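Step one of this worksheet: look at the structure below.
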Protein chains: 2
Amino acid sequence: MTAVTIECCPPLTRGPLSEQDAVVLASLLKAVADPVRLRLLSMIGSHEGGEACVCDLTDAFDLTAPTISHHLKVLRTAGLIDGERRGTWVYYRVIPETVARLGAIFTPLADSAGKA
Amino acid sequence: MTAVTIECCPPLTRGPLSEQDAVVLASLLKAVADPVRLRLLSMIGSHEGGEACVCDLTDAFDLTAPTISHHLKVLRTAGLIDGERRGTWVYYRVIPETVARLGAIFTPLADSAGKA
DNA sequence: ACCTTGTTTAGAAGACTGTCTAATCAGTAT
DNA sequence: ATACTGATTAGACAGTCTTCTAAACAAGGT
C-alpha cells in the first residue's frame, strides 16, 4: 500500500530553479492541483485521529468509488498520503513531511519578492 | 497587461475544504504545476531588480517564443505575475501576495497532521 | 514609409487527465 | 464454500493542456 515517494527537497528560494528540480516539484504540485484531491487531502488531514476511511471519503463526493480510488492513488504516488488496510476498511493518513515541503516551496520566493 | 486575479483567501487549515474553495485553490495550483512555469516564476522572482525581460526568459528555454508567452499568460491570469511594456521590451515581476498564498495553503495542514 | 526585432494571438496536432463502466481482489459472515 | 460489502485495477471516452507554425501587433531605426 505504501507507494513510491519523491526524494529530496529542491528549493525555490531565490536562485533560478534547475530543470530537473522543476520537473520534480511540478509533479508534486500536479498531484494537489485538482479540486477533488485538495478536498481529499483536507478531509484526511482534518479527520478525527488523523486518518480517514475510504468509505467516508467516497460518500462525500458525487463521484464513483473507482474515481475516488484513482485520486487517492495519485496522492499516494506523490507521497502525500499513505494507506493501510485494517480488516474490511482501508484508512488513509497524511504524510506531513511531503505536505510541509509543498508549503516551503513558495514562502521564500514570496518573501524575497516582497522586500525587493 | 494586468490580468484578472483570483479573489479571497480560502484556508486549508484543518476543516474540510469546501467545494468552491477547492476549485479556486486548484486553479491557482494548476498555474504553477508545470516545470516551465515554475522555472519562469523562479527566474522572474530571483532576477536582479525583481523583474525580468521576456527576451531573457525565452532564451533560457528550448521552446519557441509563443510557448513562453503562453505560459506567462497563464501565470498572469492566475495573478502570480504582472507585466509591463517599456519601450521595445516587456518586463514581468512577481506578485508576492499571490505567491505567499500558495505557501500558506499547506503549512497549517502539515503542522496539524504532524502533531496529531 | 519601410524593415527589423520583440511579443502576443489564432488555430491545429498530439499527449495527458478525469471520469465512467465492467471486472477483479480482499475480507467477513452466513 | 458461497455470498456480500469495500476497494482497486483495466480499459474507454471526452475534455483539457502543451507545444508548434503562421499571422498579427508594437516599437524603434534607417
Side-chain angles (χ1 to χ4, degrees), chain A residues 1-4 19 22-41 43-44 47 51-78 80-93, chain B residues 1-4 19 22-41 43-44 47 51-78 80-93:
Chain A
M1 191 61 79
T2 305
V4 178
E19 185 171 353
V23 170
V24 172
L25 281 184
S27 75
L28 184 57
L29 286 164
K30 264 198 251 265
V32 291
D34 177 276
V36 174
R37 292 198 287 272
L38 271 182
R39 290 178 68 198
L40 285 172
L41 199 60
M43 283 168 129
I44 296 169
H47 205 269
E51 61 182 14
C53 171
V54 174
C55 54
D56 297 333
L57 302 172
T58 303
D59 291 350
F61 293 86
D62 257 354
L63 296 168
T64 62
T67 298
I68 299 298
S69 191
H70 160 72
H71 285 300
L72 288 171
K73 185 178 186 176
V74 172
L75 290 171
R76 215 168 57 220
T77 304
L80 286 159
I81 60 175
D82 195 8
E84 181 195 2
R85 169 158 235 139
R86 286 203 299 276
T88 306
W89 294 282
V90 175
Y91 296 89
Y92 278 97
R93 60 175 56 250
Chain B
M1 192 60 82
T2 305
V4 178
E19 185 169 353
V23 170
V24 172
L25 281 183
S27 75
L28 184 57
L29 285 164
K30 260 197 254 257
V32 291
D34 177 276
V36 174
R37 291 197 288 270
L38 272 181
R39 289 179 67 200
L40 284 172
L41 198 59
M43 282 166 129
I44 296 170
H47 205 269
E51 62 182 13
C53 171
V54 174
C55 53
D56 297 333
L57 302 171
T58 303
D59 290 349
F61 292 86
D62 257 353
L63 297 168
T64 62
T67 299
I68 298 299
S69 190
H70 160 73
H71 285 300
L72 288 171
K73 185 178 187 178
V74 172
L75 291 172
R76 216 168 54 219
T77 304
L80 286 158
I81 60 174
D82 194 9
E84 181 195 0
R85 171 158 233 139
R86 287 205 297 277
T88 307
W89 294 282
V90 175
Y91 295 88
Y92 278 96
R93 60 176 57 251

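Values below: all heavy atoms of this structure, side chains included; hydrogens, waters and symmetry mates excluded. Keep in mind that what you see is a predicted model, and the values were worked out from it rather than measured. Here is how names work: the chains are called A, B, and so on, in the same order as the sequence lines, proteins then strands, and each is numbered from 1.
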Closest non-hydrogen atom pair between B/Ile44 and B/Tyr92, with its separation: CG2-O, 3.3 Å
Closest to the A/Lys73 side chain, choosing from D/dT9, C/dT7, D/dT8: D/dT9
Nearest-Å distance for atom pair CZ/C1', residues B/Arg85 and D/dA26: 5 Å
Touch class at under 4.0 angstrom, heavy-atom based, for A/His70 against every strand present: base
Sugar-phosphate only, base, or nothing, as touched by A/Arg86 at under 4.0 Å among non-hydrogen atoms: nothing
A/Thr67 side chain near C/dC20 phosphate (N/O to OP1/OP2, under 4.0 Å): yes
Touch class at under 4.0 angstrom, heavy-atom based, for B/Ser69 against every strand present: base
A/Arg86 to A/Tyr91 six-membered ring, cation-pi geometry met (6.0 Å, 45°): yes
Whole angstrom value for the distance that separates C1' of C/dT17 from CZ of A/Arg37: 8 Å
Proximal nucleotide (of D/dT9, C/dT8, C/dT19) relative to the A/Val36 side chain: C/dT19
Rounded interatomic separation in angstrom, taking CG from A/Leu63 and P from D/dA7: 15 Å
Interatomic distance, B/Trp89 CH2 vs C/dG6 P [rounded to whole Å]: 7 Å
Nucleotide nearest B/Thr64 (side chain, heavy atoms from C-beta), chosen from C/dT9, D/dC20, D/dT8: D/dC20
Euclidean distance, atom NZ of residue B/Lys30 to atom C1' of D/dT18 [Å, nearest integer]: 14 Å
Rounded distance (Å) that lies between atom P of C/dG18 and atom CZ of A/Arg39: 16 Å
Value in whole Å for how far the C1' atom of D/dT18 lies from CD1 of B/Ile68: 11 Å
Minimum side-chain heavy-atom gap A/Phe61-A/His71 below 4.5 Å: no
For atom CD1 of B/Ile81 and atom P of C/dT7, their distance in whole Å: 13 Å
Closest-nucleotide ordering on DNA chain D, the 5'-leading residue of A/Leu72 and B/Thr88: A/Leu72
